[in-house]
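Scroll down for the structure; my scribbles are underneath it.
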Amino acid sequence: MKPTIGIEVHVELKSMAKVFSLSKNNFNDEENTNINVIDLGYPGVLPRLNKGVIDDALKACLALNFNINRLMHFDRKNYFYPDLPKGYQITQQDTPIGYDGYVEIENKKIYLERMHIEEDTCKSLHTTDTLLNFNRAGVPLLEIVTKPCISSGKEAVEYLEKLRETLLYLGISDVKIEEGSMRCDVNVSVSDTDELGTKVEVKNIGSISNVGVAIDYEIQRQEELLANGEVIIEQTRRFDDKTKTTILM
């Protein structure tokens, strides 16, 4: 059976201000102190693009061998969730700043489909209630998406370590997974034919090493389903750090 993996990485940039406002960008400040009417999407406010974010994204484009789009625009991605105060996210949907890049690992190139700029959401803290820290709303993100060209958990870990090393060397991000400045979602499919299998997305993976564990578990789970004649259903699962398994969300 043939496994195929694609990875989406969100990286927070270390800009002084947020991507579309002059609010301070600092993870360690007191909760809900770095925010203004632009971050909250008050009626009549207009976002203003932070030039430093473009400069950092261009550095990443060059280091990751991307082609660079000379014409870019941003779109509103509408969805309703407690961590999105405006009811929409500003993102580069159709004109990503970088496209068709690659990262070289041992004996292989990991091909990158796109890299685009977008804004982060609030940070959610789930206790007896859901608490929101608006300091993170509007923090600049780079989303880096691979093509479906990874074939194992080991390759995925090698790619993420090389990506993290590159972005850290550039000085544009802390890439601290424990603080959420680098976040990884993986798409895993297994097929017993030459065609791609049904995609299963795995979220909530808290370390690079656990990305490999989650992928290997998910490959084994899907192989067992196919061997038993069952149908794999497209779904979203989360990684459970205690059991080292994936669980349906």
Shortest non-hydrogen contact from G197 to S191? N-CB, 3.6 Å
Would you mind telling me which of K18, R183, Q89 makes a side chain to side chain donor-acceptor pair (under 3.5 Å) with D120? R183
Are the side chains of I110 and I105 in contact, using a 4.5 Å heavy-atom criterion? yes
Before giving the answer on side-chain contact (heavy atoms from CB on, under 4.5 Å), spell out for I144 and L112 the whole-Å C-alpha distance, their side-chain angles and the decisive distance to 0.1 Å. CA-CA 7 Å; I144 303 168; L112 308 177; 4.3 Å; yes
What one should report as the nearest heavy-atom pair of D29 and N135 is O-ND2, 3.7 Å
Would I97 and I90 show up in the same hydrophobic cluster when neighbours are defined by side-chain heavy atoms closer than 4.5 Å? yes
When rounded to the nearest 0.5 angstrom, what distance separates CG in N50 from CG in L22? 8.5 Å
Give the intermediate values and the outcome of side-chain contact (heavy atoms from CB on, under 4.5 Å) for residues Q92 and M72. CA-CA 8 Å; Q92 291 179 328; M72 296 178 292; 3.2 Å; yes
Could you check if a side-chain atom of I117 sits within less than 4.5 angstrom of a side-chain atom of F74, using non-hydrogen atoms only? yes
What one should report as the nearest heavy-atom pair of T236 and L248 is O-CD1, 3.8 Å
I'd like to know whether E234 forms a side chain to side chain donor-acceptor pair (under 3.5 Å) with T198, so could you lay out the CA-CA distance, the side-chain angles of the two residues, the decisive distance to 0.1 Å, and finally the verdict. CA-CA 6 Å; E234 185 170 342; T198 302; over 6 Å; no
Compare every heavy atom of K14 with every heavy atom of N25, then report the nearest pair and how far apart it is. ND2-C, 4.2 Å
When you measure from the centre of the six-membered ring of Y88, is the NZ or CZ of R76 closer than 6.0 Å and no more than 45° off the axis? yes
With ring centroids as reference points, do F239 and Y217 lie under 6.0 angstrom apart? no
For the OG1 atom of T246 and the CZ atom of R221, what is their distance to the nearest 0.5 Å? 5.0 Å
Under the salt bridge (charged side-chain N to carboxylate O under 4.0 Å, His left out) rule, what do E201 and K203 come out as? Steps first, then yes or no, please. CA-CA 7 Å; E201 184 175 20; K203 293 180 172 290; 3.4 Å; yes
Decide yes or no for Y111 and E113: does some side-chain heavy atom of the first lie under 4.5 Å from some side-chain heavy atom of the second? no
Between the side chains of R164 and E161, is the shortest nitrogen-to-carboxylate-oxygen separation below 4.0 Å, so that they form an ion pair? no
Any side-chain heavy atom of L125 within less than 4.5 Å of one from T130? no
State, to 0.1 Å, how close M115 and A57 come at their nearest heavy-atom pair, and which atoms those are. CE-O, 3.3 Å
Main-chain N/O of L131 paired to D129 side chain as donor or acceptor, under 3.5 Å: no
Do L40 and K86 touch side chain to side chain, with heavy atoms closer than 4.5 Å? no
Report the distance from atom CG of D39 to atom SG of C122, rounding to the nearest 0.5 Å. 9.0 Å
Flag yes if V139 and L142 sit in one hydrophobic cluster, no otherwise; membership is Ile, Leu, Val, Met, Phe, Trp, Tyr, and two members link when side-chain heavy atoms are under 4.5 Å apart. no
So, the side chain of R114 versus the backbone of D94: is there a donor-acceptor pair under 3.5 Å, distance only? no
Using a cut-off of 6.0 Å, state whether more than 12 heavy atoms not belonging to Y79 lie near its atom OH. yes
Would you say N187 and E8 make side-chain contact, with heavy atoms under 4.5 Å? yes
Tell me whether the count of non-hydrogen atoms from other residues, nucleotides or ligands lying under 6.0 Å of CG in L168 goes above 12. yes
Quick check for you: to the nearest 0.5 Å, what is the distance between K176 atom NZ and D174 atom CG? 5.0 Å
Look at the side chain of N32 and the backbone N and O of F134, then say whether any donor-acceptor pair between them is shorter than 3.5 Å. yes
Greater than 12 external heavy atoms within 6.0 Å of E230's CD: yes
E30 CD: over 12 foreign heavy atoms closer than 6.0 Å: no
For residues D185 and V202, determine if any side-chain heavy atom of one lies less than 4.5 Å from a side-chain heavy atom of the other. no
Could you go step by step and tell me if L64 and Y102 meet the side-chain contact (heavy atoms from CB on, under 4.5 Å) rule? CA-CA 6 Å; L64 301 175; Y102 65 88; over 6 Å; no
Between I177 and G206, the two heavy atoms sitting closest are CG2-O, 2.9 Å
Evaluate the salt bridge (charged side-chain N to carboxylate O under 4.0 Å, His left out) criterion for residues E118 and K77: first the C-alpha distance (whole Å), next the side-chain angles of each, then the deciding distance (0.1 Å), finally the verdict. CA-CA 10 Å; E118 60 187 20; K77 179 181 176 182; 5.7 Å; no
Got a salt bridge between K244 and D216, using NZ or NE/NH1/NH2 to carboxylate O under 4.0 Å? no
Test D55 against K59 for salt bridge (charged side-chain N to carboxylate O under 4.0 Å, His left out), laying out the working first. CA-CA 6 Å; D55 292 340; K59 291 178 185 177; over 6 Å; no
Roughly how far apart are I215 CD1 and S151 OG, rounded to 0.5 Å? 10.0 Å
Before giving the answer on side-chain contact (heavy atoms from CB on, under 4.5 Å), spell out for L58 and I68 the whole-Å C-alpha distance, their side-chain angles and the decisive distance to 0.1 Å. CA-CA 8 Å; L58 289 173; I68 297 172; 3.8 Å; yes
Honestly curious: do I38 and L13 fall in one hydrophobic cluster under the side-chain, below-4.5 Å linking rule? no
Could you tell me whether the side chains of N69 and T95 share a donor-acceptor contact shorter than 3.5 Å? no
Any salt bridge linking D100 with K147? Criterion: basic side-chain nitrogen under 4.0 Å from a carboxylate oxygen. yes
If two hydrophobic side chains count as joined below 4.5 Å and joins carry through other members, does V186 share a cluster with L225? yes
Between CD of E165 and CG of L160, what distance do you get to the nearest 0.5 Å? 12.5 Å
Does one side chain, of S23 or N36, offer a donor that lies under 3.5 Å from an acceptor on the other? yes
Looking at E224, E223, Q222, which hits side chain to side chain donor-acceptor pair (under 3.5 Å) with Q220? E224
L170 and V11: same hydrophobic cluster, using ILVMFWY side-chain contacts below 4.5 Å? yes
Flag the pair K154 and E158 as a salt bridge only when some basic side-chain nitrogen lies within less than 4.0 angstrom of an acidic carboxylate oxygen. yes
R136/E119 ion pair, N-O < 4.0 Å: no
Close side-chain approach of L49 and V19, heavy atoms under 4.5 Å: yes
Decide side chain to side chain donor-acceptor pair (under 3.5 Å) for N210 and D241; before the verdict, give the C-alpha distance in whole Å, the side-chain angles of both, and the deciding distance to 0.1 Å. CA-CA 8 Å; N210 276 342; D241 187 50; 2.8 Å; yes
